[in-house]
A.B. asks: 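Before I ask anything, let me first share the structure, which is written out below as structure tokens.
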Amino acid sequence: MTQKWNDINGDFHPASGMDFLPREHLRKIQSQRLSATVKLAYENVQLHRSRMDALGVKPGDIKTVDDISKLPFTEKTDLRDTYPYGLFAVDMSEIVRLHASSGTTGKPIVVGYTREDMRLWETSVMRCLLMNGVRRSDFVQVSFGYGLFTGGLGLHGGAEALGCTVIPASGGNTERQLMIMRDFGATVVCCTPSYFVHLIEESKKYGVDMKKLPLRIGVFGAEPWSERMRAFMRENANIEVFDIYGLSEIAGPGVGGECCAHDGIHILEDNFYPEIIDPDTGKPLPDGEEGELVITTLAKRAMPILRYRTHDITSIIAEPCPCGRTVRRIRRIDRRCDDMFISRGVNVFPSQIEAGLARVEECSTNYRIILERERDLDRITVEVELLEKYFADSLPQLDAIRKKIQASIMGIIGIRVEIRIVEPNKIPRSEGKAKRVFDYRKI
Amino acid sequence: MRIKQLSVFLENTPGHLCKVCQTLKSAGVNILTITIAETKEYGIVRAVVDKTEEAAAALKSAGFFAKVVDVLAVEVEDRPGALLSVLARASDSGLNVEYMYALTRPNNENPVMVMAFKDIDAAEKALG
Ligand SMILES: [Zn+2]
């Protein structure tokens with residue numbers, strides 16, 4: 001631990017400089033950047049302009065970060081409703097990259113980056129990697145998926161900008177991942193935490209001793225995970241383990257990262273301004289109080305986002321961190337305030353499951369989603385009732401219906417779920433908004 | 001002979017079969033034979049009872065999926081090869097047995113097999 005905890009003393013990378021600014025200085029930068037972002041958004045994006053007009057707020061009213069609460073929120077639905085390019089603030093000729101995340105009803109959410117945005121994103125990921133103790137001499141195996149998902153290319157860009165030797169392994173193919181890890185001499189691995197646990201578990205089968213690999217750091221994100229998993233990974237792979245936070249609506253991975261103190265996630269607040277609000281009233285809450293995390297981009301040009309409601313529940317830690325960074329931390333996120341859940345790196349909304357059920361005539365759309373974690377791998381089970389007229393006196397027929405439902409849901413969310421057909425009226429009906437998701441994962 | 005069978009959808013969890021039997025008892029239904037076909041998570045209880053329609057109604061009102069289906073009761077002689085000859089007749093007529101089980105008989109009469117077919121009419125013609 002101690003030999004790795006040296007990212008301040010004697011081993012300082014200039015990119016980390018912004019992590020350590022005096023608070024007043026940081027505040028000045030934040031205020032300037034916020035004003036510029038609001039101006040850019042107001043002048044170029046219809047949605048932001050009409051929302052601000054409705055509240056009677058003009059860009060000139062936003063002088064310091066304290067004025068941020070005057071601004072309207074942006075919701076995930078806003079990104080969907082303006083699909084694909086409605087929230088872009090620059091001409092398409094300036095866009096050098098597009099990414100997308102899965103949406104609830106098939107339509108993804110599209111995000112764009114200018115050349116400067118790409119540099120900002122790379123630097124942000126780089127700063128997170130530096131917090132984790134990653135250095136340019138490291139061999140970084142990126143086992144997040146590459147493609148429209150921001151995970152793979154995001155970590156790739158950051159590690160490459162830092163000067164590491166990047167191994168773009170992408171996701172999947174356990175045997176090959178382990179072989180590359182061993183033969184290429186990876187010292188850092190980036191992937192979803194559940195995938196790394198899977199690699200550990202499979203390693204014996206392929207004759208790879210994880211403890212003997214040169215691997216020393218794991219950077220994990222894209223789904224919630226626990227201290228218990230951290231301990232398991234430390235013990236079984238002999239590595240230091242770090243959380244990386246991000247969401248594609250804001251930038252992708254690199255919105256924040258965990259330092260060697262392992263006590264919360266530093267938000268890179270010169271670029272991404274965090275607020276905590278009461279999810280019901282929208283009122284800002286003071287540091288230390290738990291609520292919904294809201295993020296405003298302060299330096300992105302292609303797609304400035306004002307007060308994005310993440311639906312992640314956390315609190316801001318304002319106390320100074322032992323690592324010396326002045327950018328504030330948030331507590332690690334293990335809950336959300338809507339029903340969306342994250343499993344195997346995929347955002348899943350109950351409405352997607354519902355849409356899958358609606359396409360199968362044999363079942364009712366009354367359902368429950370049970371989330372469990374078995375040997376650190378997520379299992380999603382959808383409990384569903386049959387419609388009585390489709391109950392046939394035949395097990396093969398029941399099984400065919402089960403498979404039909406499974407295929408229908410997989411077609412929408414892209415991952416496999418277990419289907420459990422239950423007795424009629426087994427799933428309690430509720431008045432108003434039904435509780436659909438039962439999360440029994442011990443994370 | 002064509003007979004009525006009760007089929008009930010059941011989750012494979014403790015106590016559920018008890019609830020079925022309790023419901024039948026309350027409705028004054030006597031079970032002649034009962035069998036369960038199951039997967040890991042659910043199964044189908046199949047029973048031959050004395051009052052099939054009443055039993056189905058009682059189970060439905062107790063919240064079960066219950067269905068009355070036609071099956072064949074086929075007497076099989078008590079000697080080697082007897083079942084084979086029944087099955088051969090079905091197979092010669094292009095009939096596939098969906099499932100079958102033995103009907104419990106109190107006396108020393110010939111065994112009776114309960115057999116289910118997709119096309120019960122054709123099966124009845126072939127096996128009588
Ligand atoms: Zn720190």
Side-chain angles (χ1 to χ4, degrees), chain A residues 353 356-357 360-372 374-375 377-410 416-430 434 438 440, chain B residues 2-20 22-23 34-49 52 55-72 96-101 114-120 123:
Chain A
I353 304 281
L357 294 175
V360 180
E361 59 174 350
E362 289 92 341
C363 63
S364 84
T365 48
N366 199 34
Y367 64 97
R368 280 203 302 195
I369 301 164
I370 314 286
L371 302 176
E372 291 155 309
E374 206 169 77
R375 296 193 307 133
L377 278 179
D378 278 3
R379 187 175 56 203
I380 309 171
T381 305
V382 178
E383 288 189 343
V384 61
E385 296 169 4
L386 285 188
L387 293 179
E388 179 153 20
K389 62 175 173 173
Y390 291 107
F391 167 58
D393 173 38
S394 154
L395 284 181
Q397 214 159 318
L398 283 172
D399 197 48
I401 295 172
R402 199 178 56 79
K403 290 210 173 97
K404 197 163 145 188
I405 300 170
Q406 194 171 43
S408 174
I409 293 174
M410 179 144 175
R416 202 182 127 91
V417 299
E418 301 300 323
I419 304 298
R420 187 181 299 147
I421 297 175
V422 299
E423 286 168 16
N425 302 309
K426 168 78 182 293
I427 298 166
R429 271 66 176 165
S430 58
F438 295 80
Y440 300 114
Chain B
R2 191 189 285 227
I3 60 166
K4 300 282 183 199
Q5 173 202 278
L6 189 63
S7 298
V8 188
F9 178 79
L10 201 66
E11 273 174 54
N12 203 351
T13 40
H16 282 229
L17 186 57
C18 281
K19 209 180 142 205
V20 170
Q22 183 63 49
T23 307
I34 189 162
T35 172
I36 305 178
E38 91 287 346
T39 66
K40 207 173 97 226
E41 277 155 1
Y42 53 80
I44 298 173
V45 174
R46 296 177 175 125
V48 179
V49 300
T52 316
L59 285 166
K60 277 184 194 178
S61 62
F64 288 99
F65 281 153
K67 207 178 164 111
V68 176
V69 295
D70 283 346
V71 288
L72 281 192
N96 184 40
V97 182
E98 301 285 307
Y99 56 84
M100 69 176 194
Y101 54 92
V114 174
M115 305 173 101
F117 296 92
K118 276 219 174 73
D119 186 347
I120 183 87

A.B. asks: Need one label for B/Tyr99: side chain, backbone, both or neither, based on atoms under 4.5 Å from any heavy atom in chain A.
C.D. replies: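 Just its side chain gets close to chain A.
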A.B. asks: Can you name the closest pair of heavy atoms from A/Leu395 and B/Tyr42 and give their distance?
C.D. replies: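 Between these two residues, the closest heavy atoms are CD2-CE1, 4.2 Å.
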A.B. asks: Roughly how far, to the nearest 0.5 Å, is OG of A/Ser394 from NZ of B/Lys118?
C.D. replies: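 Going from NZ on B/Lys118 over to OG on A/Ser394, the span is 6.5 Å.
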A.B. asks: Chain A heavy atoms under 4.5 Å from B/Glu38: which part of the residue, side chain, backbone, both or neither?
C.D. replies: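 The backbone, not the side chain.
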A.B. asks: To the nearest 0.5 Å, what is the distance between OG1 (B/Thr39) and CG (A/Leu398)?
C.D. replies: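 It comes to 8.0 Å.
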A.B. asks: Where is the tightest heavy-atom contact between B/Phe65 and A/Leu386, given as atom of each residue plus distance?
C.D. replies: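 Scanning both residues completely, I find the closest heavy atoms to be CZ-O, 3.0 Å.
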A.B. asks: If you measure from CD on B/Glu41 to CD on A/Glu418, what distance do you get to the nearest 0.5 Å?
C.D. replies: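 It comes to 7.5 Å.
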A.B. asks: Would you name the heavy atoms of B/Glu11 and A/Val422 that are closest together and state the gap between them?
C.D. replies: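 Answer, listing the atom of B/Glu11 first, then A/Val422: OE2-CB, 3.2 Å.
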A.B. asks: Just verifying a value: how many Å separate B/Gln5 CD and A/Asp393 CG, rounded to the nearest 0.5 Å?
C.D. replies: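 So the CD of B/Gln5 and the CG of A/Asp393 are separated by 5.5 Å.
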A.B. asks: Can you tell which part of B/Lys40 gets under 4.5 Å to a heavy atom of chain A, answering side chain, backbone, both or neither?
C.D. replies: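 Answer is neither: B/Lys40 stays 4.5 Å or more from chain A.
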A.B. asks: For B/Ala116, which atoms come within 4.5 Å of any heavy atom of chain A: side chain, backbone, both, or neither?
C.D. replies: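 Contact with chain A involves no heavy atom of B/Ala116 at all.
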A.B. asks: With rounding to the nearest 0.5 Å, note down the distance linking CD in A/Glu385 to CZ in B/Phe9.
C.D. replies: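 One gets 10.0 Å once the value is rounded to the nearest 0.5 Å.
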A.B. asks: Search all heavy atoms of A/Pro424 against all heavy atoms of B/Gly63 and return the closest pair with its distance.
C.D. replies: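 For A/Pro424 and B/Gly63, the tightest heavy-atom pair comes out as CG-O, 3.0 Å.
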